Amino acid sequence: MKNLLPSFIVFALVFALVLSCSKTHENFDLIDDPVVVYDTIYLHDTIQNFDTLFIFHTIIHSDTIVTVDTIISQDTSTFSYLFRHYELETYDVLFYTIDKQKSPRKICKMKSDAHYIDIIAEGNMIYPVWSPEEDYIFYVDIDHLAIAKRNLITDEVEHIYQIDRNIMFLRYFPVRDMFLVSYQEEGLHKIGAIDYHLNTFIELTAAGADEYNPTTSETDDWIYYSKMNNGTADIYRRKLDNPSLEEEVYIDPEFNLASFSVSADGKFLITPKYFNGKGFVVFYDINRQEIIHELELPVEGHPLYATLSKDNKAIFFVNGTPYNYSEPRQLYRMGLDRTQLLKMTSFTDQLAIRPLVK
């Protein structure tokens with residue numbers, strides 16, 4: 001009888017071990033990583049630890065790695081393609097100049113890879129913009145109080161809209177085939193739209209607001225503009241069909257965002273800034289309302305009138321001092337990776353103003 005008790009204990013231990021191995025082996029097929037299970041069998045040969053491993057494996061499988069990866073893919077780093085190196089195309093650049101006495105004015109056109117300036121017209125004319133028709137431009141003819149359309153081949157001029165107020169800014173609105181303008185009334189700046197086909201003016205600014213420099217992309221009907229807000233100019237937008245519905249776009253209490261442009265695809269805007277003795281062009285994600293990148297310019301002085309090529313590969317800007325008309329301003333071209341910098345003009349008594357690129 002005494003010999004039976006040790007034999008029974010040994011038998012029970014062997015039987016328990018067989019059951020344990022059998023249980024572990026049955027769950028072995030449930031795990032995707034047999035190496036982990038294999039290590040567990042020899043290091044922690046118990047059903048309890050194996051179940052703990054199964055829970056740990058589940059945590060790894062449903063961890064936030066996928067969520068984090070999604071956030072990264074949607075981050076403003078998706079605009080990193082902008083700042084890669086591209087060999088720049090040759091673009092046509094339209095701008096106008098004034099001398100130090102602010103008269104007369106010249107409407108000019110240049111190739112982006114050359115220094116030759118083609119003077120299209122000279123006189124009391126401002127704010128030239130590209131027409132959707134090849135070989136045409138629009139501009140404000142102050143002498144005739146009209147928006148003019150000029151043929152660049154024949155120099156033929158047609159006055160397509162008679163102005164009834166002091167237009168101080170002009171942009172073409174591609175999606176609606178209209179013009180966007182700003183004007184001054186009772187000491188305030190206001191914005192409006194001109195349907196030159198129907199010969200009508202559409203006021204967009206509410207009473208008491210101070211708004212100016214409206215612009216747009218080439219792909220949607222949002223109208224972007226600067227608006228005085230608590231002492232500085234910020235960027236807002238609205239639509240022509242619902243002008244009372246205004247949206248904030250870019251609010252900065254420290255800088256005047258009065259000279260900006262929207263990318264052709266409508267995804268972001270750029271605006272020049274000057275701080276700590278350096279000039280920057282800020283790239284801003286319109287949808288997420290976040291700064292994408294602050295591009296430092298390798299040129300001394302204040303950047304003005306920054307604008308982009310339609311392919312978003314080249315930036316053009318004027319360098320000078322705001323509100324100072326006693327010194328010349330030069331026009332520059334640069335790739336967004338800060339290469340291929342070209343000083344396009346070398347004026348001694350002229351100021352380059354508001355370049356537009358196509």
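Here the structure is a predicted model, which means the values were calculated and not measured.
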Is there a side-chain contact between R237 and E246 in this structure, where contact means two heavy atoms from C-beta onward sitting under 4.5 Å apart? no

Parallel, tilted or perpendicular: ring planes of Y284 versus Y250, cut at 30 and 60 degrees: parallel

Separation between CZ of R176 and CD1 of I223, rounded to the nearest 0.5 Å: 8.0 Å

Going by the angle between their ring planes, with limits at 30° and 60°, are F83 and F283 parallel, tilted or perpendicular? perpendicular

Lys/Arg-Asp/Glu bridge criterion (N-O < 4.0 Å) met for K310, E89: no

Residues R238 and E211 bridged, charged N to O under 4.0 Å: yes

Looking only at the aromatic ring of each residue, does the gap between the centers of H293 and F79 stay below 6.0 angstrom? no

For F138 together with F179, are the ring centres under 6.0 Å from each other? yes

Side-chain donor-acceptor pair present, D99, Y325, cut-off under 3.5 Å: no

Flag the pair F275 / F280 as yes when their ring centroid distance falls below 6.0 Å, and as no otherwise. yes

Can you find a pair of side-chain heavy atoms, one from N287 and one from Q289, that are under 4.5 Å apart? no

Check: F201 ring centre within less than 6.0 Å of Y183 ring centre: yes

Would you say the side-chain atoms of T321 and E327 include a donor-acceptor pair closer than 3.5 Å? yes

Quick one about T232 and N256 (side-chain donor to acceptor, distance below 3.5 Å, no hydrogens or angles considered), yes or no? no

Counting C-beta onward and ignoring hydrogens, is there a side-chain heavy-atom pair between V93 and P355 closer than 4.5 Å? yes

Go through the side-chain N and O atoms of H302 and N319 and say whether any donor and acceptor fall under 3.5 Å apart. no

Going by distance alone, is a donor N or O of one side chain under 3.5 Å from an acceptor N or O of the other, for Y91 and R333? no

CG of L351 to OG1 of T97: how many Å apart, nearest 0.5 Å? 8.5 Å

Are D195 and Y161 close enough that a side-chain donor and a side-chain acceptor fall under 3.5 Å? no

Does Y139 have its ring centroid less than 6.0 Å away from the ring centroid of Y127? no

Kindly compute the distance separating OG1 (T271) from CG (L257), expressed to the nearest 0.5 Å. 5.0 Å

Got L240 and M178 here, is their nearest side-chain heavy-atom distance under 4.5 Å? yes

Looking only at side-chain N and O atoms, does D141 offer a donor or acceptor that is under 3.5 Å from a partner on N124? no

Could you measure the distance from the OG1 atom of T215 to the CD1 atom of I191? Nearest 0.5 Å is fine. 11.0 Å

Less than 3.5 Å apart, any donor N or O on the side chain of Y86 or D311 sitting next to an acceptor on the other? no

